[in-house]
Protein chains: 2
Amino acid sequence: MGHRHGQGVTIEAQRLRAGSDVPGGRRKQRVSMADVARLAGVSSQTVSRVANGQAGVVESTREQVLTAMRELGYRPNSAARSLRYGRFNTIGVILFGLASTGNSRTVEAIATHAAAEGYAITLIPVGMPTQDNVLGAFTRMGELAVDGVILIIEVHLLDAAAVTLPPGVHVVVVDSDAGDRYPVVDTDQADGARQAVRHLLDLGHRTVHHVAGPAESYAAERRTGAWRTVLEESGRPVPPVERGDWSADSGYHAGLRLAADPSCTAVFAANDQMALGVLRALHESGRQVPAEVSVVGFDDIADASSYLPPLTTVHQDFAEVGRRCVHLLLDQIHQEPTPPGTDLVPTTLIPRASTAPPP
Amino acid sequence: MGHRHGQGVTIEAQRLRAGSDVPGGRRKQRVSMADVARLAGVSSQTVSRVANGQAGVVESTREQVLTAMRELGYRPNSAARSLRYGRFNTIGVILFGLASTGNSRTVEAIATHAAAEGYAITLIPVGMPTQDNVLGAFTRMGELAVDGVILIIEVHLLDAAAVTLPPGVHVVVVDSDAGDRYPVVDTDQADGARQAVRHLLDLGHRTVHHVAGPAESYAAERRTGAWRTVLEESGRPVPPVERGDWSADSGYHAGLRLAADPSCTAVFAANDQMALGVLRALHESGRQVPAEVSVVGFDDIADASSYLPPLTTVHQDFAEVGRRCVHLLLDQIHQEPTPPGTDLVPTTLIPRASTAPPP
DNA sequence: CTCGAAATTGTTAACGTAAACATCCGTGGA
DNA sequence: TCCACGGATGTTTACGTTAACAATTTCGAG
C-alpha cells in the first residue's frame, strides 16, 4: 500500500533535504532512519537492516531504501549507535604534547592502527604536567566518549593521580614503569642504551660521557641506568652525568662543558636533538667529530642522518610501539582484561659517521 | 518517604558497583542516573539537575545525590548527551600524517584550544594521499561523532573529492588555496618567502637559488612563486629550481648539485629540513657557510638554531594557525556560517648564522 | 489558620538506533 | 483444500539524558 517512487519521492526528498519549514534552506535537523523509511515506504527497522548489510531484505526493497538514502544524504548517527551498543569505537590518547618526535610518531601509528580496526582516536592534551592537570584530564576522560585510553605520559605524575583512574576504564601506558599496575608498552630503553655504550667501548674508548634527559622521565632514567651499568660492569670510570631537557639547546650547553674536558672522547646523548646540540658545541669548540670525539644519539629521528656528521644513533620503532598499544588495548576491550606487565619493543644501533676509535 | 542513608546505602552501592549478578565482580554496565537516583532516593531528573549544576535543588538533596554519585562512581554517558543535544562537542582533524613538524605543532595547538572551549578532537589519519583514501576519510567522517572538521591537507586532492563533502558539515581548511570555497587559515607563505629572498639580496647576493618542496604542495608552490617574483621584480636572473620532497635527504641531493655550481652563493630552501641537507652537502663539498654560500630555511623548527651553523629561517606561527582554525570553526558551528576566504598568519625572518654577504 | 505563590521535586516524552519479538505473506506437503 | 513452515517486514522497547510540563511541598501574608 502507499505511493511508490516517481514524482512523489523527489518532491518529498527535496522537502526533507531543504530542512522542513526552515527558511533559508539551512537544515536544522539531520536525516534519520525514520526519514529514509518514510521516503522509501518501509519501516525504519528495514532501513536499519539495509544500513547494516543484514540479510533478509529482498533485493527490490533494498534498492528502494538505498535510493532513498542517497536521495536524502542519510548518514547514521553515531551518538545513537554508541548509546545503543554501549561502546564508542573510540580510543583516547592522553599526552603532554606532540612536540617530541617520539610522541607524534607514536600517536600517528596509534591513529593508523586504530583506524584499521574501526576505531577513531581522541586526543586529550594535558597542558603543564602538573598533577592537577593530569587529574583534570582523567576526569574529563571519564565523561569522554572513549572505550579505552592510552597514556603517553611520564607516570611519576600518574602515581599520585592513579586513585582517580575511573574503574572499568581500559588503559595502556607508554613509557613508564607502571608495569606492575597496568599493561605497559615501551621501547627497550635499557638495551638501546647498552648497545650505544658498548659500541663506543668496542671502538676503544676508555669511558663514555652521558648527556641525560630530564630527571622526571622514566625513559631518561632507564637510559642513564643502563649507561652506568655497562660502564660499571666493564670496570670503567663513571663520569658525572650532564643533564639536559631533551632540547638541542640543552645539549649544546652540556656539550660546551664536555668540550672543555680534554679527557672526553665519547659522548652518549639520551636523544638525537641533544646530540645535535653536542655536535654544535664540539664544532664550535674546535673539537673534531668523530676524529677527536665520538657521539651517539638515541631515537633515530629522520634528520639524524643529515647531521654534521651523520649521527650514529639507536633506532626506536615508534610505529611498532603504537601498533602494540592499540592491539593490547583492543584485546583488553574485546576480551578478558590483560594482566599488567611490560611489552618491550627492541631497538637497533644505526652506525653512521659520528663515531670512530679514539685519537 | 523511604529509607535514608545509613547501612542501606553502602550495601546497595556495593551491589551496584560490583556489577549486579555478574560473577567475578567485573561490572558489565556503567552506572546511570537512574542508579544514582535510586540510591539517593530521588528522581533521575533531580540527579540530572545536580550533575549539570542547575539551580532549584535544595542543599540537603544535592548533598545526598553527590554522595550517591561518589559512592557509585557515576560518570555521565556522553553518547546519551550527544544524542539528546544533537551535538558532540568534538572536532575532527583530517590529515596525512603527523610526521612533519608543522602538522604536529598545528594539531597540538588545535587540541589545546579546542580543549579550552570544551571540545575534544578526533584524529582522522589518511594513509596515502590518494583520492580514494581522502574520499574514504570523508565518508567515515560523515558517520563520525564530529560537529566540524579541520582539513590539514593539500587540497589538490580535495578538488576531486569535494563533491562528496557531506553537506551541513562545517569545515576549515589549512594550507590550501580553496579560499574561494571554504574558510582557509594559512601561514603567509608568500610573504615569508619574500622576506627570505629579500634578506639574501639585501646582503648583496646577485641572485638566490631555490630548493623547492614537492610540486603537489600549495605551500611549496606559493613559496616558489614568491621567490621567483622577487627575483624578477629585482631584475635578477632566475636560476632553475631544484626540487625536493621536504626531507633532509632530498635537500642533501639538491645541495650537492648546487655545490657544483661555483656561481651559487645564496640558497633559499623551502623548509628547514631540506636546508639541513643543503648545509651538509655544502660542508661535504668543502664550501663554507656562510662565508662562501648563504642558506635560508623556512619553518623555524626547534632544532634550526642548533644546526651548523645555526640556520637563518622564516618563523611560522603554527600555534596561531591552530588557534585560528579552532575559533573559525567554532564560530561556524555556533553562529552563522563563515564566508569562504583566507586568513593569513604573518611570518617573521629570524636571522642567524647561516647568512652573510657574498665572498 | 488559610490561601496562594514560589520553590522544589517528579513524570513524560523524545533524541536515533537495533535487538527481540510479532505479524504477514506465499509455498509446499499431507 | 488446508495447515504448517519459513522468509520478509513491521512493532515494540530500551539504551541514558534532559526539556517541558505536572505535582507536590514550603512559606509568608493577611
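Residue numbers start from 1 in every chain, and the chains themselves are labelled A, B, ... in the order their sequence lines are given, proteins ahead of strands.
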Can you give me every donor-acceptor pair (side chain of residues 53-62 of chain B, partner residue at least two apart or in another chain, under 3.5 Å) with its distance?
none

Should the pair Arg87(A) and Tyr85(A) be classed as cation-pi, given the thresholds of under 6.0 Å to the six-membered ring centre and 45° from the axis?
yes
Can a side chain N or O of Thr46(B) be found less than 4.0 Å away from OP1 or OP2 on dT8(C)?
no
Figure out the CZ/P separation between Arg87(A) and dT17(C), and round it to whole Å.
16 Å
For Asp343(B) and Val184(B), indicate whether the former's side chain and the latter's backbone hold a donor-acceptor pair under 3.5 Å.
no
Using C1' atoms of five pairs at each end, report the bend of the helix from dC1(C)-dG30(D) to dA30(C)-dT1(D) rounded to 10 degrees.
60°
For atom CZ of Arg62(A) and atom P of dT9(D), their distance in whole Å
11 Å
What is the distance, to the nearest angstrom, from the CD atom on Glu59(B) to the P atom on dA7(C)?
17 Å
Please report the distance, rounded to the nearest Å, between CG in Asp35(B) and P in dG16(D).
8 Å
Which letters describe nucleotides 18-24 of chain C, given B = protein heavy atom under 4.0 Å from base, S = only from sugar-phosphate, - = neither?
BBB----
Which nucleotide in dT9(C), dT9(D), dG16(C) has an atom nearest any side-chain atom of Val57(B):
dT9(C)
Might you point out which heavy atoms bring Ile333(A) and Tyr119(A) nearest each other, and give the distance in Å?
CG2-OH, 4.1 Å
Of Ile94(A), Ile91(A), Leu328(A), Val173(A), the residue whose pairing with Ile150(A) passes side-chain contact (heavy atoms from CB on, under 4.5 Å):
Ile91(A)
From CD of Gln64(A) across to C1' of dA8(D) the rounded distance in Å is 14 Å
